[in-house]
Trainee: 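Take this structure, written in structure tokens, and hold onto it; I'll ask about it next.
First listed ligand is number 1; within each ligand, the first listed atom is number 1.
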Amino acid sequence: MSRQDWTHQSRLEREARSMPLTGKTALVTGATSGIGKAIALAFAAAGADVLVHGRDTARASAVVERTTATEGKARAVTVDLGADPATVRDFAEGLGAVDILVNNAATLIPAQSMTEVTDQQISAALGVNVAAPIVLAGALVPGMKERGNGVIINIGSNTGIKGMAPAGLYGATKGALHALTRSWADELASAGIRVNAIAPGPTVTEDNIGYEEALIAIAQASPDRRPGTADEVARLAVFLAGPDAAHIHGAIIPIDGGSIAV
Ligand SMILES: NC(=O)c1ccc[n+]([C@@H]2O[C@H](COP(=O)([O-])OP(=O)(O)OC[C@H]3O[C@@H](n4cnc5c(N)ncnc54)[C@H](OP(=O)(O)O)[C@@H]3O)[C@@H](O)[C@H]2O)c1
């Protein structure tokens, strides 16, 4: 190989490594805020064509606007994931080919005793945090199977792994998402589809700044003694979505400063 060919090839390899999601279309649910927004921006910077999902078009469009800073490609898509399953399924089936699904959107239930949880909170939590990811994956996986590849990343929580009073309902929805991750990984690996979950601990985002003190207090119990950041979660999501994670299936990866280890 000539020196010129070698230089050209190593430049292409460097570009491929810095843009590992080039040519892929990614749906990130709940990308109008927090961790989902950070994942959408990181995916766009990594070369993906990003479907920025939320309930509000203006909020989703504002995130799309920010992807242009990295010359990323994105468009806003909206649906209430608490709507009936047929509405959520129609939404997903109307998106066209989706190579990467990030189930990030969640109803965050206020921390309260299990004796105080309302029927409405139970149904919203199960609907948005568990039923919607099942419906979205069910609608998008047939296309992934046809193309012979796909990635699903479920955003769980360390409260889905360890108990935390008084967050039983929220933790139950995240534990369910972890269980789905393992079963889907087993069901879909032979079709070229990888399914994994990220289980963050307390995480500071652009949108929960007012709660920083509470997150810092919770993080004091972890070995790293600090909350995580949305960008740290987003970088892990880029890795899991890309080719370097080719042999990772069914993993529930904590990003919590070691909280569940102790
Ligand atoms: N931040 C943390 O400390 C932490 C820790 C562990 C796990 N997590 C997990 O990380 C994920 C993101 O959390 P976050 O802190 O970034 O939350 P966030 O800032 O509150 O963002 C939640 C996102 O979900 C969307 N969403 C909520 N209900 C919806 C519905 N019914 N239909 C459609 N979209 C809906 C919101 O969209 P709208 O713009 O329409 O409101 C928003 O984009 C969640 O799965 C959460 O459980 C977070």
Trainee: Does only the side chain of A106 get under 4.0 Å from ligand 1, or the backbone, or both, or neither? Count heavy atoms.
Mentor: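 For A106, backbone and side-chain atoms both sit under 4.0 Å from ligand 1.
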
Trainee: At a non-hydrogen distance cut-off of under 4.0 Å, which region of H53 contacts ligand 1 (side chain, backbone, both, or neither)?
Mentor: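 The answer is the side chain.
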
Trainee: Under a 4.0 Å heavy-atom limit, does D80 contact ligand 1 with its side chain, its backbone, both, or neither?
Mentor: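 The answer is both.
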
Trainee: Any nitrogen or oxygen of T205, main chain or side chain, under 3.5 Å from a nitrogen or oxygen of ligand 1?
Mentor: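 No.
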
Trainee: For atom 17 (O) of ligand 1, what is the nearest protein heavy atom, given as residue, atom name and distance?
Mentor: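 Closest protein heavy atom to atom 17 (O) of ligand 1: L108 CD1, 3.7 Å.
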
Trainee: Answer yes or no: does an N/O atom from S157 fall short of 3.5 Å to an N/O atom of ligand 1?
Mentor: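 No; every N/O pair is 3.5 Å or more apart.
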
Trainee: With respect to P200, determine whether any N or O atom, backbone or side chain, lies less than 3.5 Å from an N or O atom of ligand 1.
Mentor: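 N/O-N/O distance under 3.5 Å: no.
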
Trainee: What do you reckon, does L81 have a nitrogen or oxygen under 3.5 Å from a nitrogen or oxygen of ligand 1?
Mentor: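 The answer is yes, given that L81 and ligand 1 share an N or O pair closer than 3.5 Å.
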
Trainee: Are more than 12 heavy atoms, taken from residues, nucleotides or ligands other than Q220, located less than 6.0 Å from that residue's CD atom?
Mentor: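 Counting other residues, nucleotides and ligands, CD of Q220 exceeds 12 neighbours.
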
Trainee: Taking non-hydrogen atoms only, is N208 closer than 4.0 angstrom to ligand 1 via side chain, backbone, both or neither?
Mentor: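 Within the 4.0 Å criterion, N208 contacts ligand 1 through side-chain atoms alone.
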
Trainee: Determine whether the side chain, the backbone, both or neither of R59 has a heavy atom under 4.0 Å from any heavy atom of ligand 1.
Mentor: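 The answer is the side chain.
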
Trainee: Only one of V98, T25, T67, I100 passes side-chain contact (heavy atoms from CB on, under 4.5 Å) with D49; say which it is.
Mentor: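 Among V98, T25, T67, I100, the one meeting side-chain contact (heavy atoms from CB on, under 4.5 Å) with D49 is T25.
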
Trainee: Do ligand 1 and I35 have nitrogen or oxygen atoms that lie under 3.5 Å from each other?
Mentor: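 Yes; the residue has a nitrogen or oxygen that sits under 3.5 Å from a nitrogen or oxygen of the ligand.
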
Trainee: Using a 3.5 Å cut-off on N or O atoms only, is T203 in polar contact with ligand 1?
Mentor: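 Among all N and O atoms of T203, at least one is under 3.5 Å from an N or O of ligand 1.
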
Trainee: Quick one: does V151's side chain get under 4.5 Å of L240's, heavy atoms only?
Mentor: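 They are not in side-chain contact.
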
Trainee: Taking distance alone, with N or O pairs closer than 3.5 Å, would you say D207 contacts ligand 1?
Mentor: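 No, since none of the N or O atoms of D207 sits under 3.5 Å from an N or O of ligand 1.
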
Trainee: Could you check atom 47 (O) of ligand 1 against the protein and tell me its nearest heavy-atom contact, residue, atom and distance included?
Mentor: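 Answer, as residue, atom name and distance: Y170 OH, 2.5 Å.
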
